Amino acid sequence: IYLLLAALGTYQVLRVQERGSAPPGVLFFLWLLLFSLARVAVEFFVESPPLLGPLTLAQVANIVAAGVAVVGLIVSSRGAPQAEVASPTV
């Protein structure tokens with residue numbers, strides 16, 4: 001049920017962002033970030049052997065995925081570089 005609630009919240013956030021003029025890739029990386037953070041939170045309720053301190057393998061993998069999503073959001077939100085238009089010389 002926790003993942004269902006997280007998915008509904010993620011859907012709402014993405015729906016609002018979709019109505020705006022987000023650059024290409026932003027919706028994907030935003031979804032990846034929200035999904036990864038939700039999985040990290042839900043994994044606290046799952047009994048799995050710890051891998052790195054108190055974190056399980058799934059939590060570590062999702063933290064890495066969230067990091068990739070943050071980098072992707074930064075890169076994709078910059079947008080494509082605009083080509084400079086040379087002014088005509090007289």
Side-chain angles (χ1 to χ4, degrees):
I1 192 154
Y2 298 115
L3 284 176
L4 174 65
L5 294 175
L8 289 174
T10 300
Y11 174 75
Q12 289 301 322
V13 170
L14 292 176
R15 219 31 202 159
V16 169
Q17 289 295 318
E18 181 184 36
R19 291 182 184 149
S21 60
V26 168
L27 289 178
F28 170 74
F29 287 116
L30 182 60
W31 169 82
L32 183 61
L33 177 66
L34 294 174
F35 180 77
S36 299
L37 294 178
R39 286 299 310 254
V40 168
V42 168
E43 286 295 322
F44 278 111
F45 300 107
V46 176
E47 296 220 12
S48 297
L51 175 71
L52 187 63
L55 300 176
T56 65
L57 176 62
Q59 288 172 322
V60 171
N62 282 302
I63 290 170
V64 169
V68 169
V70 168
V71 170
L73 276 172
I74 291 169
V75 170
S76 64
S77 66
R78 289 183 184 169
Q82 300 295 323
E84 291 185 28
V85 177
S87 60
T89 56
V90 180

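Computed from a prediction, not measured in an experiment: that's the story for all the values here. All heavy atoms count here, side chains included; hydrogens, waters and symmetry mates do not.
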Contact summary for Asn62 and Ser36, nearest pair of heavy atoms: O-CB, 3.3 Å
Over all atoms of both residues, closest heavy-atom pair of Phe29 and Ala69: O-CB, 3.4 Å
Sequence neighbours excluded, every pair satisfying ring-ring contact (aromatic ring centres under 6.0 Å, His included) that has a member inside residues 30-61: Tyr2-Phe45, Trp31-Phe35
Heavy-atom closest contact (Ala6 atom, Ala38 atom, distance): CB-CB, 3.5 Å
Cluster check Leu8, Val40: I/L/V/M/F/W/Y, side chain < 4.5 angstrom: no
Shortest non-hydrogen separation from Glu43 to Ser48 and the atoms involved: OE1-OG, 4.4 Å
Side-chain touch Val13/Leu34, heavy atoms, less than 4.5 angstrom: yes
Atom pair CG (Leu30) and CD (Glu18), whose distance is rounded to the nearest 0.5 Å: 11.5 Å
Same apolar cluster (I L V M F W Y, side chains within < 4.5 Å links), Leu37/Leu14: yes
Minimum-distance pair of heavy atoms, taken over all atoms of Leu57 and Leu51: CD1-CD2, 3.6 Å
Non-hydrogen atoms of Ala65 and Leu32 that approach each other most closely: O-CD2, 3.8 Å
Cluster overlap Leu3 with Tyr11, hydrophobic side-chain contacts below 4.5 Å: no
Between CG on residue Leu73 and CG on residue Leu33, distance to nearest 0.5 Å: 6.0 Å
Under 3.5 Å: donor-acceptor pair, side chain of Gln12, backbone of Gly9: no
